Amino acid sequence: MIDKNLAKTRNIGISAHIDSGKTTLSERILFYCDKIHKIEDVKGGGAGATMDHMELEREKGITITSAATTVEWTGVDAKGVTFAEGDQKNIKINLIDTPGHVDFTVEVERSLRVLDGAILVICSVAGVQSQSITVDRQMKRYRVPRLAFLNKMDRMGANPYNGVKALREKLNHNAVLMQLPIGAEENYNGCIDLVTMKAFYFDGDNGEIVREDAIPAELADQAAKAREEMLDVVSAFDDQMMEDIIEGKEVTEETIHKAVRTGVNSLKFTPVFLGSAFKNKGVQLLLNAIARYLPSPVSCEKPKAIDSKIGEKVDLQPDQDLPLVCMAFKITDEQFGQLTYTRIYQGKLTKGDTLINTRTKKRVRVGRIVRMNSNDRANIDWAGAGDIIAMIGVDCASGDTFVAEDGNVEHLSCEGMHVPIPVIELSIKAKDKEMQARMSKGLQRFIKEDPTFHLFTDEESGETRIAGMGELHLEIYVERLKREYKAEVDVGAPQVNYRETIRGEARLEYTHKKQTGGSGQFAKVAGKMRQLTAERKEREDQVFRFVNEIKGGVIPNEFIPSCEKGFMDVMNKGPLAAFPVIDIECFLQDGQYHDVDSSDLAFRIAARMALREAIKNANPVLLEPIMKVEVETPQDYQGFVIGDLSSRRGVILGSESTDSGDAVINAHVPLSEMFGYATVLRSGTAGKAGYSMEFAKYEQCPSHVQEKVIVARKEKLAERAD
């Protein structure tokens with residue numbers, strides 16, 4: 001049975017470039033849905049925004065970790081006047097606020113993985129920025145329908161038309177304005193709804209009273225023209241609507257809403273709404289749009305699970321009577337046990353249930369279920385399909401699937417999520433043995449919570465090293481060690497995470513023989529290896545692919561996994577400078593075995609030696625991480641910025657001018673050349689320029705850089721050996 005109230009549930013996320021106003025918007029949504037009774041600012045004094053519950057988030061004014069809450073949009077304003085009607089009233093919204101900084105991009109990845117819809121927040125002054133492009137790519141990866149919200153309409157230089165133009169040109173969205181602004185910049189007062197052709201104002205101390213009025217006479221012609229443009233785009237999603245427009249018939253509001261909903265849910269249309277979250281304008285209309293246009297768990301594209309029995313994907317149904325299938329998408333270790341954020345796709349989860357983790361095959365008992373409001377929680381007894389809740393005390397990893405113990409569904413696993421490769425690392429050392437224990441405890445928690453945070457011990461030096469997505473990413477974790485675990489640590493200088501790959505193809509062949517009295521060891525493997533194609537890397541998000549082409553049982557099936565493990569062993573350390581190897585596919589095509597002497601270990605050693613030799617013969621090269629850098633600077637300093645980026649081996653992708661007269665310069669620059677860039681940029685532009693940086697791709701090092709890195713690596717390894 002599908003719960004009839006499920007159609008009034010929305011699972012949505014708010015994502016955008018850093019400092020576009022995501023958390024401010026979340027705070028207003030909580031206020032207008034009566035979840036909080038006082039609005040707090042993201043920056044400055046006071047208690048801080050509800051969704052930024054960490055002390056570091058409030059200090060720095062940025063979101064570091066995604067936060068979830070549940071609200072109800074009743075559609076009633078502060079005077080008790082019913083503002084929303086019909087299908088956009090009394091809507092339950094499970095809301096996730098995500099970070100904007102690229103260093104915490106995995107928080108966006110795992111949130112979008114479990115959501116049915118999203119709000120793409122765009123700054124109406126800056127328009128589409130570098131992280132906006134990344135977030136949009138993530139939304140497309142998980143096929144998440146979205147609305148766009150042009151925020152900061154009260155700011156100097158705000159221009160909704162440029163925002164829509166950027167959505168179309170930079171993100172290839174079929175975007176159109178659903179509203180027009182009334183006033184601009186500091187005189188922004190409200191907006192005109194192009195569907196109802198009414199003006200809306202937001203009165204009261206916090207914009208809580210929505211006032212509907214006639215369109216100002218001076219904007220009537222502009223509104224009529226904008227509505228015509230909007231209808232022309234929207235009618236593409238409703239044949240009858242298109243016919244009515246051609247024949248000059250009046251189009252009803254409900255027909256427009258239906259067509260917009262169809263376009264949004266097909267991922268072929270992005271309606272654009274306006275407002276100023278900080279000035280409390282436009283948020284209620286956005287809530288109406290969330291209710292009207294974004295899908296519920298019933299109407300969204302059916303989530304998929306992988307059925308290991310048949311090796312195919314199957315649909316999951318939002319039906320409480322079916323066996324439970326749910327996914328742990330985010331975990332946090334706390335004082336009283338692990339907090340596991342969970343999306344329920346199918347069935348019903350009740351306190352006290354015993355579940356099966358389909359990855360580990362272990363049974364776990366759910367002792368406590370809670371509904372989250374940022375860092376606060378409320379106990380609940382059960383939750384059904386389509387809900388987002390948290391389990392307490394359930395030990396698992398991020399991305400694990402849990403199913404009902406007696407539902408015959410232990411062969412189902414939810415599709416995983418994309419986890420980016422760390423690009424930067426540094427050494428970390430505790431000051432004494434007591435601090436070492438505290439540091440180890442903290443680091444173990446962090447690697448469990450964050451798939452992009454890696455911890456390892458350097459074999460040669462014995463150093464403890466951490467790796468992540470950027471300097472800020474690692475800086476935050478070091479700071480958390482000091483604050484949350486009272487662990488005083490020393491950190492080394494950041495180092496680039498180079499990678500190795502091949503540019504050719506080579507034969508795989510090795511025979512492992514060993515006789516030491518009694519039973520010996522024997523295994524032979526043969527095949528080929530080559531570079532992973534760009535198409536497969538993009539489609540399957542892999543850095544290593546193993547293909548079993550053994551026929552006729554020349555290698556028994558029980559030894560095939562050992563061959564794969566042997567190949568994987570070599571991926572950790574390449575032949576050039578002992579950096580990890582990526583983008584390789586291995587084909588196991590032939591081999592031999594012995595009835596007595598063959599074993600898992602023998603085939604693992606044979607595969608390891610075969611691949612190690614093959615890589616040396618396949619033109620190995622060193623890869624370096626290339627960062628996408630976006631610099632916004634006054635025009636007077638444009639020459640300096642371009643010259644400096646070029647001197648750092650940067651490739652200038654282009655530049656454009658903003659309405660405020662600044663220049664925005666985009667470039668690809670090697671990460672190794674970007675250390676200390678913030679200081680150089682500030683001094684070279686009198687502190688007037690700013691920049692953002694995110695990982696773009698791995699690219700082959702120039703020969704002189706490769707030689708330099710290899711020599712430095714060998715010297716370092718030699719020092720450690722001494």
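Source: prediction; values computed, not measured.
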Aromatic ring pairing Tyr485/Phe446, orientation class (parallel under 30°, perpendicular over 60°, tilted between): perpendicular
With Glu109 via salt bridge (charged side-chain N to carboxylate O under 4.0 Å, His left out) - residues at least two apart: Arg141
Pairs meeting criterion salt bridge (Lys or Arg N to Asp or Glu O under 4.0 Å) with involvement of residues 289-302, two or more places apart: Arg143-Glu301
Under 3.5 Å: donor-acceptor pair, side chain of Arg438, backbone of Lys486: yes
Interatomic spacing from CD in Gln138 to CG in Leu120 - rounded to 0.5 Å: 11.0 Å
Counterpart residues, side-chain hydrogen bond (donor to acceptor under 3.5 Å, both in side chains), relative to Lys304 (two or more places apart): Asp315
Charged tip of Lys348 within 45° of Trp382 ring normal and under 6.0 Å: yes
Any residue meeting side chain to side chain contact (heavy atoms under 4.5 Å, CB included) with Asp381, in chain and number order, not counting sequence neighbours: Lys351
Donor-acceptor contact present, side-chain Arg10 to main-chain Ala291, <3.5 Å: yes
Check ion pair Lys330-Glu107 (N to O, under 4.0 angstrom): yes
For Glu449, all residues meeting side-chain hydrogen bond (donor to acceptor under 3.5 Å, both in side chains), sequence neighbours excluded: Arg445
Test item: Ser296 side-chain N/O and Val298 main-chain N/O as donor-acceptor pair under 3.5 Å: yes
Results of ring pair (Phe, Tyr, Trp, His ring centres under 6.0 Å) for Phe453 - residues two or more places apart only: Tyr477
Residues in side-chain hydrogen bond (donor to acceptor under 3.5 Å, both in side chains) contact with Ser692, at least two apart in sequence or another chain: Ser130
Interatomic distance, Phe329 atom CZ to Ser111 atom OG [nearest 0.5 angstrom]: 6.0 Å
Electrostatic pair Asp583:Arg499 at N-O distance under 4.0 angstrom: no
Steps toward side chain to side chain donor-acceptor pair (under 3.5 Å) verdict (Ser15, Thr98): CA-CA 6 Å; Ser15 301; Thr98 62; 3.1 Å; yes
Asp97/Thr23 under side chain to side chain donor-acceptor pair (under 3.5 Å): CA gap, chis, key distance, verdict: CA-CA 7 Å; Asp97 175 35; Thr23 304; 2.9 Å; yes
Straight-line distance of Leu474 CG to Glu479 CD, nearest 0.5 Å: 13.5 Å
Residues in side chain to side chain contact (heavy atoms under 4.5 Å, CB included) contact with Cys300, at least two apart in sequence or another chain: Asp116, Pro295
Flag, side chain of Arg146 to backbone of Ile119, donor-acceptor distance under 3.5 Å: no
NZ-OG1 distance between Lys268 and Thr262, expressed to the nearest 0.5 angstrom: 11.0 Å
Under 3.5 Å: donor-acceptor pair, side chain of Ser20, backbone of His17: yes
All side-chain hydrogen bond (donor to acceptor under 3.5 Å, both in side chains) counterparts of Lys697, not counting sequence neighbours: Glu699
Backbone of Glu208 reached by a side-chain donor or acceptor of Asn206 within 3.5 Å: no
All side chain to side chain contact (heavy atoms under 4.5 Å, CB included) counterparts of Ile380, not counting sequence neighbours: Ile369, Arg371, Ala383, Ile389
Any side-chain donor near an acceptor of the partner, Asn379 and Arg368, under 3.5 Å: yes
Side chain Asp450, main chain Ile447, donor-acceptor under 3.5 Å: no
Listed once per pair and sorted, the salt bridge (Lys or Arg N to Asp or Glu O under 4.0 Å) pairs that draw on residues 392-404, sequence neighbours left out: Arg359-Asp400, Asp395-Lys448
Side chain to side chain donor-acceptor pair (under 3.5 Å) partner of Thr70, the single match among Asn11, Asn94, Thr9: Asn94
Pair Glu410 + Lys361, salt bridge at N-O below 4.0 Å: no
Modelled atom types, side-chain donor and acceptor of Thr358 and Ser413, under 3.5 Å: yes
Side-chain donor/acceptor of Gln338 to backbone N/O of Val394, under 3.5 Å: yes
Side chain to side chain contact (heavy atoms under 4.5 Å, CB included) evaluation trace for Trp73 with Lys92: CA-CA 6 Å; Trp73 171 234; Lys92 174 181 154 186; over 6 Å; no
Distance (rounded to the nearest 0.5 Å) between Leu286 CG and Ile14 CD1: 7.5 Å
Trace of the side chain to side chain contact (heavy atoms under 4.5 Å, CB included) decision for Val423 with Tyr698: CA-CA 9 Å; Val423 296; Tyr698 269 102; 4.3 Å; yes
Side chain to side chain contact (heavy atoms under 4.5 Å, CB included) involving Ala467 - partner list, sequence neighbours excluded: Pro422, Glu425, His454, Phe456, Asn497
